[in-house]
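The sequence lines fix the lettering, A, B, ..., with proteins before strands; numbering per chain opens at 1.
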2 protein chains.
Amino acid sequence: MPKTRACEAWELLFDLLMRQRTRLPQVAAEFELSEPQCHVLRLMEPGAGVPMRRLVERLGCDASNVTGIVDRLEARLLVERTACAHDRRVRMVRLTPRGVETRARIVARMNEPPEPIAGLPADDLAALCSILRRALTTSGR
Amino acid sequence: MPKTRACEAWELLFDLLMRQRTRLPQVAAEFELSEPQCHVLRLMEPGAGVPMRRLVERLGCDASNVTGIVDRLEARLLVERTACAHDRRVRMVRLTPRGVETRARIVARMNEPPEPIAGLPADDLAALCSILRRALTTSGR
DNA sequence: TATTGTTATACTCTATAACTATA
DNA sequence: TATAGTTATAGAGTATAACAATA
């Protein structure tokens with residue numbers, strides 16, 4: 001029965017997920033940022049500004065929240081709002097030099113594999129990668 | 001290099017994790033509960049009461065928060081506070097009949113494997129289970 | 001003295017609704 | 001009229017600090 005096996009796999013993954021669920025807030029705290037603030041920084045590419053609207057979509061929350069989150073990032077001099085040439089309604093958000101540097105450190109910190117993964121033997125890691133790649137590509141979302 | 005492989009695996013897992021990160025709040029919302037409220041219900045075994053202190057440890061947040069979370073669950077008649085026979089300082093939290101029923105529905109809902117996992121072939125699932133089991137047992141936490 | 005749990009306070013995230021300014 | 005973003009408001013989570021009751 002593939003159903004049972006899938007449940008079992010999901011249970012294990014869920015366990016792993018729950019053990020790592022404190023990781024994001026933890027990393028954010030190291031930089032004295034909230035989780036959403038951290039997330040916004042990660043979503044922004046250095047150099048290119050993005051309209052508020054895009055951040056709203058990526059964060060999946062109401063637009064009014066993003067105003068506040070960006071306000072606080074701006075107060076910390078990590079991002080700045082600029083005008084958009086084509087449409088005067090939209091405001092572009094861009095990383096400051098300081099924001100670029102902070103973002104790089106955050107991304108590096110997040111990319112460190114946690115202990116349960118780092119401790120696996122090489123052949124397990126190879127198999128895990130190929131399975132996960134299949135899982136992520138074969139499904140619609 | 002096992003380091004590189006581990007990073008790659010973590011990157012894929014992180015991707016899967018981020019795609020599922022809306023799942024918990026979503027399920028919670030179906031029951032008109034917040035995420036921590038949902039989490040508390042899942043942590044409680046039907047029948048046996050647990051001291052507030054244990055919930056604090058499991059949630060990993062400050063004790064003062066748990067007071068509020070349990071307050072709101074109690075207002076919804078999902079849990080109730082009772083006295084502890086041995087130590088009059090501690091308050092036990094116990095699921096009400098209604099809480100037991102709600103918790104069962106939440107757990108069932110959470111256990112449904114998400115699409116990327118459900119869609120994997122049987123041999124991938126078997127391999128995934130054994131690798132994850134190794135990952136979760138060999139590491140300290 | 002130490003521990004359990006609560007209250008008070010302050011900050012952030014969250015959605016809803018009403019608003020401004022553009023298009 | 002519709003869209004981008006803001007403000008106002010209210011509810012929930014978070015930590016810190018101070019406190020009562022009990023051990």
Side-chain angles (χ1 to χ4, degrees), chain A residues 18 21-44 49-76 78-94, chain B residues 18 21-44 49-76 78-94:
Chain A
M18 290 313 277
R21 82 177 206 290
T22 54
R23 187 185 170 91
L24 270 71
Q26 223 164 49
V27 172
E30 287 173 24
F31 294 90
E32 292 184 308
L33 292 167
S34 71
E35 208 171 342
Q37 285 167 5
C38 222
H39 197 181
V40 164
L41 287 185
R42 287 195 309 117
L43 289 175
M44 308 231 308
V50 298
M52 295 286 287
R53 185 74 205 157
R54 283 241 5 213
L55 294 177
V56 169
E57 288 158 12
R58 302 294 291 276
L59 286 172
C61 66
D62 191 84
S64 59
N65 300 321
V66 181
T67 296
I69 294 169
V70 170
D71 278 350
R72 288 178 277 271
L73 285 174
E74 199 168 27
R76 301 264 308 261
L78 294 169
V79 304
E80 58 192 356
R81 276 181 250 235
T82 58
C84 173
H86 318 299
D87 187 337
R88 279 172 31 196
R89 290 174 304 180
V90 344
R91 314 203 62 179
M92 306 295 280
V93 185
R94 198 176 47 186
Chain B
M18 290 312 278
R21 83 178 204 288
T22 54
R23 187 185 170 92
L24 271 70
Q26 224 163 50
V27 171
E30 287 173 24
F31 293 90
E32 292 185 307
L33 291 167
S34 72
E35 209 171 338
Q37 284 167 6
C38 224
H39 197 182
V40 164
L41 288 185
R42 286 194 309 114
L43 289 176
M44 308 231 308
V50 297
M52 295 286 286
R53 186 73 203 157
R54 283 234 16 207
L55 295 177
V56 169
E57 288 159 11
R58 302 293 291 276
L59 288 171
C61 66
D62 191 84
S64 58
N65 301 321
V66 180
T67 297
I69 295 169
V70 171
D71 278 351
R72 288 179 276 272
L73 285 174
E74 199 168 26
R76 300 263 310 260
L78 294 169
V79 303
E80 57 192 358
R81 275 182 253 234
T82 59
C84 174
H86 317 299
D87 188 336
R88 278 168 37 193
R89 288 174 305 181
V90 345
R91 312 203 62 180
M92 305 296 281
V93 186
R94 198 175 47 186

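Atom CG of A/Leu24 is separated from atom C1' of C/dC13 by 15 Å (rounded to the nearest Å). Summarising the geometry, the separation between CG on B/Leu55 and P on C/dT4 is reported as 13 Å, rounded to the nearest angstrom. Taking atom CE on B/Met52 and atom P on D/dA21, their separation rounds to 18 Å, with Å as the unit. Rounded to whole Å, atom C1' of D/dA12 lies 20 Å from atom CZ of B/Phe31. One can place CD of A/Glu35 at 15 Å from C1' of D/dA12, the figure rounded to the nearest angstrom. Going from atom CG of B/Leu33 over to atom P of D/dG11 covers 17 Å, rounded to whole Å. Distance B/Asp71 CG to D/dG11 P: 15 Å, rounded to the nearest Å. When the C1' atom of D/dT6 is taken as reference, atom CZ of A/Arg53 falls 14 Å away, rounded to whole Å.
Residue A/Ile69 holds its CD1 atom at 11.0 Å from CG of A/Leu41, rounded to the nearest 0.5 Å. Taken from CG in B/Leu78 to SG in B/Cys38, the straight-line distance is 10.0 Å, to the nearest 0.5 Å.
Partners of B/Arg42 according to the side-chain contact (heavy atoms from CB on, under 4.5 Å) rule, which considers only residues two or more places apart in sequence or in another chain, are A/Phe14, A/Met18, B/His39, B/Ile106, B/Val107, B/Met110. With sequence neighbours excluded, no residue satisfies salt bridge (Lys or Arg N to Asp or Glu O under 4.0 Å) with A/Asp62. In terms of the side-chain contact (heavy atoms from CB on, under 4.5 Å) criterion, residue partners of A/Glu35 (sequence neighbours excluded) are, by chain and number, A/Leu24, A/Pro25.
Contact annotation for A/Arg81: backbone-only contact, meaning every heavy-atom pair under 4.0 Å involves sugar-phosphate atoms and none involves a base. Within 4.0 Å of A/Thr67, counting heavy atoms only, lies at least one base atom of the nucleic acid. Residue-level contact check: B/Gln37 touches the backbone only, with heavy atoms under 4.0 Å from sugar-phosphate atoms and none from bases.
Pairs passing the salt bridge (charged side-chain N to carboxylate O under 4.0 Å, His left out) check and including a residue from residues 85-94 of chain B, sequence neighbours excluded, read B/Glu80-B/Arg94, B/Asp87-B/Arg89.
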Checklist entry - Base, backbone or nothing for each nucleotide of nucleotides 14-23 of chain C, written B, S, -, heavy atoms under 4.0 angstrom, 5' to 3'? => result BBB----BBS
Would you list the atom pairs, donor with acceptor, under 3.5 Å between side chains in residues 51-58 of chain B and any protein atom, with sequence neighbours excluded?
none

